[in-house]
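Read the structure below first, then the notes.
Start at 1 and go down the list; that is how both ligands and their atoms are numbered. Residues take their numbers from the sequence shown, with the count starting at 1. It should be emphasised that the depicted structure is a prediction, and the values quoted were computed from it without experimental measurement.
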Amino acid sequence: MKIVVLDGYTLNPGDLNWDGVKQFGELTVHDRTGFAPENVIKTIGDAEVIFTNKTPLPKAVLEKVPSVKYIGVLATGYNVVDTAAAKELGIKVTNIPTYGTTAVAQFSMALLLELCHHVGAHAEAVKNGDWTNCVDFCFWNYPLIELAGKNLGLIGFGRIGQATAKVAQAFGLNILAYDSYQNPALESDTCKYVSLDELLAQSDFISLHCPLMDSTMGIINKDTIARMKDGVMIINTSRGPLVVEQDLCDALNSGKVAGAAVDVVSAEPIAASNPLLQAKNCIITPHIAWAPKESRSRLMNIAADNLAAFIIGSPVNVVNP
Ligand code: NAD
């Protein structure tokens, strides 16, 4: 059985191995595959099994690769594959539903703490001599913020939202959760479900943990921002298009939003023209919340388990049943 990995580099830049997948056939791993359909088709060749992370597999590609019986998406989100077309063509598509919950929650808190303390910028200032030349025993270049007693609004209270809440509660934050599905068992003295309006009005910090769908696209926009507290801070580790970036940029520059930290943007890698690159008090990281080695290793193991289950005829994590 021929197995082709179309874009393996971000999952395994060299610190993991593909043995779990390799045991099932003749494996070819491409670090990257150019997105042009003719290129993707050529790279797939006559493989029966393909793995993709971000390389698009639209109908026009799938129709031209009749050998393919299985697509393993090396991520949770599988919007890169036309799953309906795959189903028509008898191709099973699987994803990795959960592998990085704690890592993404941890990273959300890292961004929150960075907004509160600007550790990186202060450390840089010290290296640049600002402390050596300071007339006082200390200095700070940004307002420093204590979390205890403040409200953290979580838009999307699923796996990552709940894991973020646990850590945040340890810092003394009160959780305001907005989710289209509610589990009252998750509520406590320091965690309650609220409407989106309440969340916007009462949160000191807002962190996004909902999936990107028609109903959530652009959920942070000039109208929802107008309903937020002055000086609110916004964190996005979920998906870039949840935010109307020009609106967030305007709100940062006017001071309505005091700070933002985003790990994801509308187009990745980030375009030089992305307005957030020029916005005040905006921290941007290159989509790394998922990427600690522990999470990637878990992802790799689940990808191999998914293929094993497919081979024995009991596929799991199928997204186009
Ligand atoms: P999950 O499915 O466990 O939770 C998502 C929650 O959002 C669910 O509780 C769902 O009911 C809720 N939801 C759905 N539609 C909603 C709506 N319209 N309004 C409010 N809530 C809504 O998913 P998860 O594992 O917690 O992951 C959340 C998101 O994190 C993913 O969709 C993905 O975009 C993102 N993510 C980012 C990274 C990264 O590296 N930055 C890594 C993994 C996941």
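In this pair, Phe310 and Tyr70 present their aromatic rings tilted. The plane angle is within the 30 to 60° band.
With a 4.0 Å heavy-atom cut-off, ligand 1 is reached by the backbone of Ile160 and by its side chain too. The part of Asp263 lying near ligand 1 is the side chain, judged by heavy-atom distances below 4.0 Å. Only the backbone of Phe157 comes within 4.0 Å of ligand 1, judged by heavy-atom distances.
The closest approach between Gly77 and ligand 1 stays at or above 4.0 Å for every heavy atom of the residue.
Of the protein's non-hydrogen atoms, Asp179 OD1, 2.6 Å is the one closest to atom 11 (O) of ligand 1. When only non-hydrogen protein atoms are considered, atom 23 (O) of ligand 1 lies nearest to Arg159 NH2, 4.2 Å. Of the protein's non-hydrogen atoms, the one nearest atom 28 (C) of ligand 1 is His209 O, 3.3 Å. Given atom 43 (C) of ligand 1, the protein heavy atom at minimum distance is Val104 CG2, 3.8 Å.
For ligand 1, one of its N or O atoms has an N or O atom of Thr237 under 3.5 Å away.
Looking at Glu48 and Ser67, their side chains never bring a donor and an acceptor atom within 3.5 Å of each other. A donor-acceptor contact closer than 3.5 angstrom links the side chains of Thr55 and Asp7. For the residue pair Gln246 and Asp250, a side-chain donor N or O sits within less than 3.5 Å of a side-chain acceptor on the partner.
Considering each of Ala289, Ser215, Ser238, the one bringing a non-hydrogen atom nearest atom 34 (O) of ligand 1 is Ser238. When Thr216, Asp214, Thr76 are ranked by how near their heavy atoms come to atom 18 (N) of ligand 1, first place goes to Thr216.
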